[in-house]
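Step one of this worksheet: look at the structure below.
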Amino acid sequence: MTLAEAPNAETIRQTAVDLATKIKSGELSAVEVTRSHLDRIAEVDGEIHAFLYVDGERALASAARVDAKIAAGEPVGPLAGVPLALKDILTYTGAPTTCGSKILEGWLPPYDATVTRRLLDHDMVILGKTNLDEFAMGSSTENSAYGPTRNPWDTSRIPGGSGGGSAAAVAAFEAPLAIGTDTGGSIRQPAAVTGTVGVKPTYGGSSRYGLVALASSLDQPGPCARSVLDAALLHQVIAGHDPCDSTSIDQPVPDVVTAARSADVSRMKIGVVTELGGEGYAPGVEQRFNEAVELLASLGAEIIEVSCPHFVYALPTYYLILPAECSSNLAKFDAMRFGLRVGDDGFASAEQVMAATREAGFGAEVKRRIIIGTYALSSGYYEAYYGQAQKVRTLISRDFDQAFSQADVLVSPSTPITAFKIGEKVDDPLAMYRNDLCTIPSNLAGNASASFPVGLAPEDGLPVGFQVMAPPLADDRLYRVGGALEAALHSAWNGPLLDRLPDPGALR
Ligand code: GLN
């Protein structure tokens with residue numbers, strides 16, 4: 001069975017914007033649309049495992065409320081009634097938030113993340129929570145304590161990480177939209193390897209309140225979608241100033257929706273980053289990237305080469321700053337306040353309970369990073385590691401400033417390689433970290449960045465992502481480039497890339 005033959009195909013294959021229009025006009029009800037996606041989840045998620053938690057009853061009840069509001073002629077949000085999935089690192093009152101970790105098993109957050117609140121205030125319908133690498137540390141979703149998510153293009157392969165669940169849910173048509181979070185690439189790398197769109201807003205552009213912190217100076221929630229306009233609409237719903245997040249930017253959200261619609265790159269100057277390509281990049285990734293650059297040139301963009309010499313240090317810099325911040329952020333999981341508590345026999349000391357709980361509750365990658373971070377922050381080493389990394393971070397930001405003085409946006413492949421096999425890199429952390437080579441610089445500098453699908457690599461038939469990076473608060477430029485690529489590629493392909501997805505529903 002292909003996707004087109006699935007019983008609910010007609011509904012689940014539509015874009016979020018089309019669903020929203022039909023729900024608003026009464027052609028479809030939010031309840032029907034939600035039910036179709038819940039059916040799809042029931043059909044394929046046994047195979048894909050994108051979700052850690054689905055609450056169909058709650059989703060249908062909120063869909064019914066949206067239908068009632070529309071029937072009563074009350075004003076509703078631009079994506080009213082559209083269902084979506086939430087990465088399980090953002091709180092949603094009453095729904096378990098595990099962060100993919102055993103240590104939070106059973107914890108029910110008493111409050112909504114600001115992003116969650118905005119979704120609900122805009123009348124969107126939350127289907128459930130998606131799988132991720134434990135505390136968002138990883139590039140494959142294999143570090144989830146609840147088992148890996150599978151890539152809908154080939155279920156023996158990884159869907160990227162840490163937000164593999166959100167990307168796979170969208171790619172497998174289990175949800176038209178999802179929320180991800182990006183600290184080093186966790187929205188963009190999963191988007192790249194699943195043939196979907198993923199956007200990391202400018203740091204401070206979307207609120208981190210209620211996002212369980214991995215590395216507070218890098219974390220940023222953003223949209224996962226199948227089309228550029230859908231991503232823009234979701235971006236607009238979730239972005240904007242939040243007094244609950246001290247790093248939130250108090251400025252208007254760039255007009256990403258108009259930019260996605262205009263899709264105009266003529267007169268734009270696009271810089272190809274010299275350092276993000278070459279050795280270690282798969283031939284098919286480079287081929288599709290180069291073709292997309294040529295396509296942008298044919299649409300009127302001016303293409304230049306730009307050098308960012310310090311980008312080669314981005315990976316080691318990130319893998320000092322991130323562990324340093326996460327070792328501090330994860331110290332709150334002390335067996336006293338949240339979730340799991342092990343070894344409390346009434347006689348054990350607090351330290352003994354803490355140690356036993358962390359030993360049992362944290363997985364290997366989380367422990368590795370806590371140890372690296374604690375070491376990098378320890379007295380005597382602080383300057384040599386953390387302090388040095390912060391200086392290199394500044395040099396990387398300056399590279400961006402320099403590059404953006406020459407070009408409106410910068411481009412590169414989103415990832416060096418396509419989706420690899422589940423299990424292939426679990427024993428080689430450095431090989432796993434290399435997936436983030438292209439995405440990390442934008443987290444370190446805090447600028448806006450996105451991944452758009454540009455075809456399948458000829459050697460393995462797997463999706464390739466095209467990364468676009470824009471200056472801080474120029475998120476709209478990402479959507480102009482993404483929209484232009486999408487329009488041109490869809491007409492060349494006779495439809496979206498995901499039309500070629502082998503239906504995972506047929507694999508049961
Ligand atoms: N792969 C990166 C890491 O393991 C990405 C993390 C993220 O963006 N959450 O740290």
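Atoms within a ligand are numbered from 1 in the order they appear, just like the ligands themselves. The structure displayed is predicted, hence computed values, not measured ones.
- Within the listing of ligand 1, atoms 9 (N) sit less than 4.0 angstrom from a heavy atom of S162.
- Looking at E359 and K367, a side-chain N of the basic residue comes within less than 4.0 Å of a carboxylate O on the acidic one, giving a salt bridge.
- An N or O contact shorter than 3.5 Å links G185 to ligand 1 by distance.
- With a heavy-atom cut-off of 4.0 Å, Y319 touches ligand 1 through its side chain alone.
- In terms of N/O distances under 3.5 Å, ligand 1 is approached by G138.
- The shortest N/O to N/O separation between L322 and ligand 1 does not fall below 3.5 Å.
- For A136, a nitrogen or oxygen atom sits less than 3.5 Å from a nitrogen or oxygen atom of ligand 1, counting backbone and side chain alike.
- For the residue pair T194 / N151, no side-chain donor-acceptor distance below 3.5 Å is found, with atom types taken as modelled.
- The shortest N or O to N or O distance between R369 and ligand 1 is under 3.5 Å.
- Between Y386 and Y382, the ring planes are tilted. Angles from 30° to 60° get that label.
- More than 12 non-hydrogen atoms from other residues, nucleotides or ligands lie less than 6.0 angstrom from OH of Y319.
- The nearest heavy-atom contact from the protein to atom 2 (C) of ligand 1 is D436 OD2, 3.1 Å.
- H49 has its ring centre no less than 6.0 Å from the ring centre of Y146.
- Near M137, meaning under 4.0 Å from one of its heavy atoms, ligand 1 places the atoms 4 (O).
- Inter-residue side-chain proximity for T15 and L229 is flagged as unmet; no heavy-atom pair is nearer than 4.5 Å.
- The shortest N or O to N or O distance between S186 and ligand 1 is below 3.5 Å.
- Considering backbone and side-chain atoms together, Y318 places an N or O closer than 3.5 Å to an N or O of ligand 1.
- Between atom NE2 of residue H241 and atom CG of residue D250 there is a gap of 4.0 Å, rounded to the nearest 0.5 Å.
- Checked against the 6.0 Å centroid criterion, the rings of Y111 and Y209 qualify as a close aromatic pair.
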